[in-house]
Amino acid sequence: MKELIEYIARSLVDDPRQVVVKQERYGSKYHLELRVAKDDMGRVIGKNGRVANAMRVLLRVAAGRENKQITLDVVDPK
Amino acid sequence: MSQEKTVLEVIAATVEEATAKGLAQLGLPADAVDVEILDQGSRGFLGLGGRQARIRLVIKDQSEGTTDVVEAPAHHEWAEPVGEDIAGLAQGEADEETAETAREVVAELLEKMQVQANVSVRLVPPADEKDRSLVLVEVEGNDLSILIGRRSETLNALQYITSLIVSKQAGRWVPLMIDIQGCRGRRERQLRVMARKMAEQAINTGRRQVLEPMPANERRIIHLELRNHPLVTTESTGEEPNRKVTIVLKQTQSS
């Protein structure tokens, strides 16, 4: 699941080295936090969140294969 | 706009079909018109690869039936979905290299989604001079319904992400379509039937018919299907992702 988002994010950004995906577990649920360089935020979010939402849709399929639930947030760089 | 001759251009899969469709639209017998074949058409895939047959019907005696050649929005819909998000990228043609990139990207995504499937690609040549060649990625395997999703949601997400990645690598926008076990072709047939049904409903009720929200490629199919309809026109309204096709009655023609 994490690898999927890492692959997509690294393929879309200008600076793949700054792509970081953190996975956390809350009981049976998983949560992913995606961080990219400031200038690449638009690329992984997209107009009206379209790219982020498409990633969530694919992520849901990946999680479903393992009978897991997972959410994804794109987090602002500090 | 009264013309000397009344003409109707019809596009359909074959010349025979186009002629029959045109005559049905005009409500005229075959001997009331001259048929000019503009394009014999050729077989293709999903109506994308092949050219459709184009004919022109010229009414011999112009006592009844007036129909202008209709221009409906069609091609710009196809160019819409990804192009707007990759500002600054020139629109490019699909070629062998981008096709191979697309195959690798889809295979990689599916592997990471833990979906086992065979991925193959081919280039679909443009349907006409206004169209562009297109990378068609075909995915085959067992039980791939999860890859399509409700209302093709998953398939469209997969296609969108793939387009973005391939276009980013190519440095230009690459027209690309993903098909899963022929579902695009099935959906296209469904949409064509629905388009004609809703057009009839618009005529019968006299009211505009608003269809459910659809992605650009599906709206395009509706526009194309009704492009030469004598009584209705189509337009898209609303914002993505809730853009809808509306079928409107044409103004009754004076003269």
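A, B, ... follow the sequence lines: proteins, then strands. Residue 1 opens every chain.
Residues of residues 54-63 of chain A that come within less than 4.5 angstrom of chain B, heavy atom to heavy atom, are A:A54, A:M55, A:V57, A:L58, A:R60, A:V61, A:A62 in numerical order. Interface residues of residues 2-9 of chain A toward chain B, defined by a heavy-atom distance below 4.5 Å and sorted by number: A:E3, A:L4, A:Y7, A:I8.
In this structure, A:D73 places its CG atom where more than 12 heavy-atom neighbours from other residues, nucleotides or ligands lie under 6.0 Å away. Residue B:Q116 qualifies as open at atom CD: its count of foreign heavy atoms under 6.0 Å is 12 or below. Taking a 6.0 Å sphere around CD of B:Q201, one finds it holds more than 12 heavy atoms contributed by other residues, nucleotides or ligands. Within 6.0 Å of atom CD in B:E239, 12 or fewer heavy atoms from other residues, nucleotides or ligands are found, so the atom counts as exposed in its surroundings. The environment of CG in B:N142 is sparse: at most 12 heavy-atom neighbours from other residues, nucleotides or ligands sit within 6.0 Å. A:K68 NZ: more than 12 foreign heavy atoms inside a 6.0 Å radius. By the 6.0 Å contact criterion, CG on B:D95 is enclosed, its count of non-hydrogen atoms from other residues, nucleotides or ligands being greater than 12.
Residue A:N53: no heavy atom, backbone or side chain, is found under 4.5 Å from chain B. For A:V13, the part lying near chain B is the backbone, with the side chain staying farther off; criterion is any non-hydrogen pair under 4.5 Å.
Counting heavy-atom pairs closer than 4.5 Å to chain A, the top-ranked of the candidates B:N156, B:T162, B:L110, B:L109 is B:L109. Chain A forms more heavy-atom pairs under 4.5 Å with one residue of B:I146, B:I161, B:L147 than with any other, namely B:I161.
Distance check, rounded to the nearest 0.5 Å: CD of B:Q114 to CE of A:M1 gives 8.5 Å.
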